[in-house]
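Reading through the C-alpha cells given below for one structure.
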Amino acid sequence: AYERTCCYFARKSNSVVVCVGYRLAPEHPYPAQFEDCLTATIHFMRTVQDYGVDPSRIIICGDSSGGTLTAAVAQALVNRKDLPKLRAQILIYPFLQCVDFNLPSYQQNEQVPILLKERALALGLKYINKDLSVMEATLKGCHVPEDLQLKYQKWVSPDHIPHEFKTRGYKPSTTRPFSEELYKQIKPVFDPVFSPLLAEDSVIARLPETFILTCEFDVLRDDGLLYKKRLEDHGIKVTWCHLQEGFHGTL
C-alpha cells in the first residue's frame with residue numbers, strides 16, 4: 001500500500017527511504033509494533049553508513065497510527081547517547097491520545113469517513129486486544145480517574161485548541177462518572193507508547209524539530225494541534241501544515 005508513496009518521497013527528496021514492515025495486531029499483540037519500529041530504527045542508525053546516509057540527517061515519519069509509532073520512537077530515543085540524534089520527525093494526522101474523545105475535532109467530524117469517531121476507538125481497543133463492549137463508556141470519558149484528569153488537562157483540553165477550530169458545531173462536554181473497573185481494563189491506553197501526547201515534559205523538551213500535518217475534516221485534527229502546542233511550549237521548532245479541505249487518509 002505504501003510502496004508508491006515511499007518511492008515518491010525518495011525521488012522528490014533525493015533521500016534514502018526505509019519502510020518498516022512491522023508486525024500487525026491482533027495476531028501480534030501490542031506493543032510488538034512499537035518494538036519492531038524502534039528495533040528497525042536503531043539498526044538503521046547503527047548501520048547508516050552502509051546506506052550512504054549522513055547520520056546527522058535521519059528523519060522518521062508516519063501517518064495515522066504510523067504517526068503514533070513515529071512519535072513514540074522519537075520519544076524512546078531522546079536519552080540514547082549511543083546513537084545519532086534524530087534530525088526531525090514527521091507526523092501526518094497522528095493518533096496521539098486516548099483521554100478525551102469529545103475534543104472539538106471529535107465532535108465536528110464524528111461521522112466523516114474514513115475514520116469515524118467510533119472506528120478510531122474501536123481500532124485502538126483492538127490494537128491492545130480489548131473487548132469493544134467498553135466503547136460507549138470510554139467515549140464518555142469514564143475511564144479517566146480524577147488524579148489523571150487533573151494531570152492531563154494541562155496537555156489534553158479544548159482550552160488549548162485555538163478558537164477558530166471551535167466555531168463549527170462544538171459544545172463543551174460534561175464529565176462522566178469514573179469507573180474503576182473500566183480504568184483497570186484499558187489502563188494501557190495511558191502509556192505514552194500508545195498515547196505519545198501523555199509523555200512527561202522532560203521527554204517532550206528533548207524531541208527533535210517536527211513537521212505536523214493536520215486535516216480540518218479529521219477526528220484526529222486536535223491531537224496534532226495539542227502536540228504542536230506542547231512542543232512549541234518547550235521551544236521545539238514545529239512546521240505545521242493544515243489542509244482546510246483535508247480528511248483522514250488524504251495522503
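This chain uses plain numbering: 1 for the first residue, then up along the sequence. Side chains are part of it too, since the values below use all heavy atoms of this structure and drop only hydrogens, waters and symmetry mates.
Without hydrogens or angle criteria, E200 side chain to S202 main chain gives no donor-acceptor distance under 3.5 Å. Using a distance-only test at 3.5 Å, with no hydrogens or angles considered, no donor-acceptor pair links the side chain of D36 to the main chain of Y22. Under a 3.5 Å cut-off, the side chain of S64 and the backbone N or O of G66 do not form any donor-acceptor pair. Looking only at distances, a side-chain donor or acceptor of T47 sits under 3.5 Å from a matching main-chain atom of H43. Remark: the backbone N or O of L251 is paired with a side-chain donor or acceptor of Y93 at under 3.5 angstrom. No donor-acceptor pair closer than 3.5 Å links the side chain of Q185 to the backbone N or O of K130. Formation of a donor-acceptor pair under 3.5 Å by the T41 side chain with backbone atoms of T39 is not found in this model. In terms of modelled atom types and a separation under 3.5 Å, the side chain of E181 and the main chain of K184 share no donor-acceptor contact. Panel note: side chain H143, backbone C98; a donor-acceptor pair is recorded below 3.5 Å.
Exactly one of V99, L198, I128 qualifies for a side chain to side chain contact (heavy atoms under 4.5 Å, CB included) with V189. That residue is I128.
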Checking E3 against C7 for the side-chain contact (heavy atoms from CB on, under 4.5 Å) test, could you report, in this order, the C-alpha distance in whole Å, the side-chain angles of both residues, the deciding distance, and whether it holds? CA-CA 6 Å; E3 174 102 2; C7 287; 4.3 Å; yes
Stepwise, does the ring pair (Phe, Tyr, Trp, His ring centres under 6.0 Å) test hold for F165 with H242? CA-CA 12 Å; F165 293 103; H242 182 65; 5.2 Å; yes
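Residues H248 and V219 form no side-chain contact, since every pair of their non-hydrogen atoms from C-beta on lies 4.5 Å or further apart. No side-chain heavy atom of L121 sits less than 4.5 Å from a side-chain heavy atom of K117. Residues K171 and N102 fail the side-chain proximity criterion, which asks for heavy atoms closer than 4.5 Å. Proximity of P208 to R87: side-chain heavy atoms (C-beta onward) are nowhere separated by under 4.5 Å. Side-chain contact check for T167 versus H163: some heavy-atom pair is nearer than 4.5 Å.
Contact between E216 and R168 at its shortest, heavy atoms only, is OE2-NH2, 2.9 Å. For the pair L96 and A71, the tightest heavy-atom approach, listed with the atom from each and the gap, is CD2-CB, 4.0 Å.
Looking only at atom types and distance, the side chain of T70 has no donor-acceptor partner in the side chain of Q89 under 3.5 Å away. Side-chain contact check for Q108 and R221: at least one donor-acceptor pair (N or O, by modelled atom type) lies under 3.5 Å. Side-chain contact, Y152 with D100: no donor N or O sits under 3.5 Å from an acceptor N or O.
Between F190 and Y183, the ring planes lie tilted relative to each other; the angle falls in the 30° to 60° range.
No continuous path of ILVMFWY side-chain contacts below 4.5 Å connects L150 to L103, so the two sit in separate hydrophobic clusters. Under the 4.5 Å side-chain contact rule for hydrophobic residues, F178 and M135 share a cluster.
Counting Ile, Leu, Val, Met, Phe, Trp and Tyr side chains that sit under 4.5 Å apart, directly or through other members, V112 shares a hydrophobic cluster with F217, F247.
At a threshold of 4.0 Å, the pair E136-K140 counts as salt-bridged, since one of the basic side-chain nitrogens sits closer than that to a carboxylate oxygen. We find that D233 and K229 are joined by a salt bridge, their nearest charged nitrogen and carboxylate oxygen being less than 4.0 Å apart.
Aromatic ring centres of Y8 and Y2: separated by at least 6.0 Å.
Applying the side chain to side chain contact (heavy atoms under 4.5 Å, CB included) test to D201 and every residue at least two apart in sequence or in another chain returns W155, R230, H234.
Other residues, nucleotides and ligands place more than 12 heavy atoms under 6.0 Å from the CD atom of E209.
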